[in-house]
Amino acid sequence: MGCTASGVADALRAVAGVVAEHRAELIELDRAIGDGDHGENLNRGFTQVVTALDAGVPETPGAVLKLAATTLISKVGGAAGPLYGTAFLRAATSLGDKSEVDVPAAVAALRAAVEGVQARGKAVAGDKTMVDAMLPAAAAAEQAAGAEGVDLAGVLAAASDAAAAGAESTVDLVARKGRASYLGERSKGHLDPGAKSTSLLLAALAKAAR
Ligand code: ADP
Ligand code: MG
């Protein structure tokens, strides 16, 4: 059994709730090594995603993600809006017009999302960005999907755990992309806000899938 369009819409509502809950924390993280707008940017974006879903949930999971993508791209400023927008858009394209998201589709969508972010932002592993949470998440999802009898909740739980560890790993890194890279060595010792938001997002998706 996979996840339908309404299931994906509910998961995005859950993401919006978690982003709202952690708005201040994301602002603080971004204040330390950026300009302090990350929590506000994302909260505004996901609030608009919920508004768009309230107006009508599209028919397929891919169309739901595409609606989220276009909303994030148009409503979220800064680096993160277009990057998360690209992630959702690539995931949407990867799902195509499937009526349900099953394990293989979810794993492929996650991988497509990371590839999109990397194509757009040119960040690689170790640059202290959201990519440092996304890459391990996609790899963990792929690995989890190989186990017998694993379901969507299991795959997303593995991705979420790996994203959390990946986000923590950014503390010791020197930023090489984005605003934090202007600080050079002084960016060390701080958690990357985008890596943190990625881990929150995947945690919300994993919880929604349970
Ligand atoms: P801005 O830096 O424009 O203020 P945000 O504060 O919303 O945008 O987002 C900052 C986050 O965006 C960073 O913490 C980092 O994770 C992510 N980021 C910035 N540049 C890149 C990039 N080139 N590739 C991937 N992620 C990036
Ligand atoms: Mg910022």
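Note that ligands are numbered from 1 as they come in the structure, with each ligand's atoms numbered from 1 the same way.
Looking at every heavy atom in both residues, A91 comes nearest to L65 through CB-CD1, 3.9 Å.
At a 3.5 angstrom cut-off on N or O pairs, M130 counts as close to ligand 1. Note: no N/O pair closer than 3.5 Å links K128 and ligand 1 by distance alone. Between N41 and ligand 1, an N or O atom pair is found at a separation short of 3.5 Å. For ligand 1, the polar-atom distance check finds an N/O of D35 within less than 3.5 Å of one of the ligand's N/O atoms. Between G194 and ligand 1, a contact under 3.5 Å exists for at least one N or O pair. Note: no N/O pair closer than 3.5 Å links L83 and ligand 1 by distance alone. Taking only nitrogen or oxygen atoms, main chain and side chain alike, G78 does not reach within less than 3.5 Å of ligand 1.
The shell of residues lying under 4.0 angstrom from ligand 1, judged by heavy atoms, excludes G34.
Of the charged side-chain nitrogens involved, none lies within less than 4.0 Å of a carboxylate oxygen, so that D172 and K188 do not count as a salt-bridged pair. Under a 4.0 Å N-O distance rule, the pair E115/R90 does not qualify as a salt bridge. Ion pairing between a basic and an acidic side chain is recognised when a charged N comes within 4.0 Å of a carboxylate O; D54 and R13 show such pairing.
The shortest distance between side-chain heavy atoms of V117 and M134 falls below 4.5 Å. Under the 4.5 Å side-chain criterion, counting only non-hydrogen atoms from C-beta, F46 is not in contact with V76.
Angle OD1(D37) to the Mg ion (ligand 2) to OD2(D30), rounded to 10°: 90°.
Of all protein heavy atoms, the one closest to atom 9 (O) of ligand 1 is H38 ND1, 3.2 Å.
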